[in-house]
Every structure is written in C-alpha cells, then in structure tokens.
Amino acid sequence: MGADTDRRGFLLLSGKETAELADAWAAVPTEKIIDASGGGTVDTEVATWVENRIHQLWHLDDLVGGDYFLHLAQADLRLIARLLQGGRYRSEIKRRLYGAAGELLRFAGWCAFDGDRHAAAARYWHAGLRTSAAGGDTLTGAYILSLMAMQHTYAGDGRAAINLLHTARERIGPGAPRTVHAMLDAWQVRAHAVVGESRQAVEVLFRADGHWGHRDPDEDPPWIYWMRQPSHTIEVGAGFVQLGRPDIAVRLLEEGMACRGIDYTRDTVLGLTAIADAQLDQDDLDGALDTARRAVELVTDVDSNRVADQLNAFALRLPAGEAHAEEFRTCLDALSRN
C-alpha cells in the first residue's frame, strides 16, 4: 500500500475536514516562523499554530494512517528544533514548544509502529520520553509508555507490556484524569490475554470501565479524544479472542463498531478483522469471511501495514482448499500487490 493508497485516502476527506485543513494552512504565520527560526521571537501565535497543526495530524491519521504522516511529523519536528535552537522565547513558550516536540515524537513513533517500522518507533518514543520529561509533561510521557506497551503486546510479550503500563500508572499517580487510567487499563487487558491470564484480564477490564464511568471529560488531555468505553475498544475485544472467548469478543466488538464513526476507517478495519477472527473461532466460516470481506472493502482507503498484517494473519487461519477461503486469499493477495 503506497502512494496510490495515500491519494485514495485523501479523497475520502469530508468537506468539513478539507475546509479545516485549508483554513489551518492559510493561517500559517509564515513570516513569524521564518523570523523566529532565525533568531527572532517565538510568540504565542507561532506556538498556538504548532499545537493546532499537531491536532490536525492526529485526526488525519485516524482517517488514513501510515507513513505519509510520519514524513509530516518529521518535518514539523525539524521546525520545532529550529525554533528552540534559533528563536527567543519566554519560559512559558519554551514549555509549550517542548510539549509540542514530545507529542510529535510520540506521534512519529505511532506512525512508525503502524507502518511496521518498530525499531524507528522505539527510537522516537525514547526521545519523546526525554523531551516530555524536560517539558514537565507527565501525561504525554505516560501515553508514550502505553504505546511502547502496545508494541510489546503485538510482539507477543505481554509481561513487558504489563510492566510498562504499571510504570505509566505510577508516573501519573491516582489523581490523573480517569480517562487516562481507563486507557492504561484497557490496553492491559490485552496484555494479560497474551500471557493467558484470564482472571486478571477481567479484573482490569472492570476497573477500566469503572474509571470510564467516573471520568470528567473537562480534565482530559487533548490527545485522548479518541478513547471510548474500554469494553468497546478493539484491544479489549481482541484480548477476548486470544482468551478463547469469541462469544464475548464478538458482542463487545460489535457494540464498539456501532458507535465508531467513519472518521476512524483504520479502527473500523481492525475491528472487523477481530470480529472475523472470533467468528472463525466459533466455526462460523461463512460469517467470518463475510466480515473479512467488509474489512477488505475499506482497506484500500487505509495506509497501515498493521492493518494489512492483521488481515493476512486472518487469511492464514482459513482452511486450506475450501473454495470461498481460497477466493478470499486470492483477493487479498491481489490487493497487496497493487
């Protein structure tokens, strides 16, 4: 999935999203940025534009994903480095620039992870941890640790993931926003599933939903806008597939799919693939193939190797020689070559 996929993905932007993107670029304080990076003053307008630009990248990544946004994050990181090294600014602006750099390093690592560039992801996240610490941004640091945990979970090392999530929880403390705690617990459910700890997985899920039920959205950091009720997340549903409870997995994943909008195409494909896996575990081959076909219909609009990996893993589980299964594999192979 390369440049062609990028172009198809951008055609899916809604009129509202396209207008917002155009307005943001029209609002770039170009002269101020050039002046600041050459020794001038970095003022509130420049810092605000940098922060708003990051928020845009988040939402565009939700829709398309992939390497394209890694390149954009790298370019923005170079800009912030020039502002920090060459500009003049107050301590408050310095803090905001360090915060933006930490978030961009987090985002760059996420894009690399989504594109199967795992060593690069780790390098970005390690740099992000140092930068967020320098800026006093504990919540972003915890978010980075949770993404490192997800990477270990996908690699099959659930114990390392659990340890990272414990560390993140200790760093932010019990007074951190409940939504952040709900996220950490939701991702720990799948880590326990990888280890085969079903009792711990269920206990952590109850705790996660409890945090969610008592959250105050006004306390949430901006980056957690995507979080939903933990039991409706893809990670939790996929965890129950791994625990051998496809019945629970299908119910929770379908409930989550019902409230997921079209702005989350990548998550929709991942959710459908997880449901198909669960249906296969229920010996419902026809249902699994129907669900997987729905995922394939959307996958050309997503630039994510992680999505492709999950679909390929599903295809490998299909029975050899079965006509409809072979047809699906042939379709998937053809798609991957395009």
Can you list every pair that meets salt bridge (Lys or Arg N to Asp or Glu O under 4.0 Å) and has a residue in residues 269-279, with sequence neighbours left out?
->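 Of all non-adjacent pairs touching residues 269-279, those that pass salt bridge (Lys or Arg N to Asp or Glu O under 4.0 Å) are Asp277-Arg317.
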Selection residues 149-164 - residue pairs positive for salt bridge (Lys or Arg N to Asp or Glu O under 4.0 Å), sequence neighbours left out =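 Sorted pair list: Arg159-Glu197.
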Will you find, in the side chains of Trp110 and Asp61, an N or O donor that is under 3.5 Å from an N or O acceptor?
->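 Yes, Asp61 and Trp110 have a side-chain donor paired with an acceptor closer than 3.5 Å.
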Examine the side chains of Gln151 and Trp125 and answer whether a donor and an acceptor come within less than 3.5 Å of each other.
->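 Checked: Gln151/Trp125 side chains show no N/O donor-acceptor pair below 3.5 Å.
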For [X], enumerate each residue passing the side chain to side chain contact (heavy atoms under 4.5 Å, CB included) test, keeping only those at least two apart in sequence or located in another chain.
X: Leu205; answer: Val189, Asp209, Pro230, Ser231, Val236, Phe240
X: Pro246; answer: Ala278, Asp281, Gln282
X: Ser198; answer: Leu243
X: Gln74; answer: Leu70, His71, Arg78, Tyr124

Using the test side chain to side chain donor-acceptor pair (under 3.5 Å), find all partners of Asn52 that sit at least two apart in sequence or belong to another chain.
->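 By the side chain to side chain donor-acceptor pair (under 3.5 Å) rule, Asn52 matches no residue at all.
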Could you pull out all residues at least two apart from Thr48 that satisfy side chain to side chain donor-acceptor pair (under 3.5 Å)?
->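 By the side chain to side chain donor-acceptor pair (under 3.5 Å) rule, Thr48 matches Arg96.
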Just jot down the ring-ring contact (aromatic ring centres under 6.0 Å, His included) partners of His126, sequence neighbours excluded, or say none.
->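 His126 satisfies ring-ring contact (aromatic ring centres under 6.0 Å, His included) with no other residue.
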Please name all residues satisfying ring-ring contact (aromatic ring centres under 6.0 Å, His included) with Phe314, sequence neighbours left out, ordered by chain then number.
->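 Testing Phe314 for ring-ring contact (aromatic ring centres under 6.0 Å, His included), a comparison that skips the adjacent residues, returns Phe328.
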Ring pair (Phe, Tyr, Trp, His ring centres under 6.0 Å): which pairs involve residues 136-181, sequence neighbours left out?
->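 Matches after skipping sequence neighbours: Phe113-Tyr154, Tyr143-Trp223, His181-His211.
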Please set out all donor-acceptor pairs under 3.5 angstrom arising from side-chain atoms of residues 249-257, sequence neighbours excluded.
from, atom 1, to, atom 2, distance (Å)
Glu255, OE1, His232, NE2, 2.9

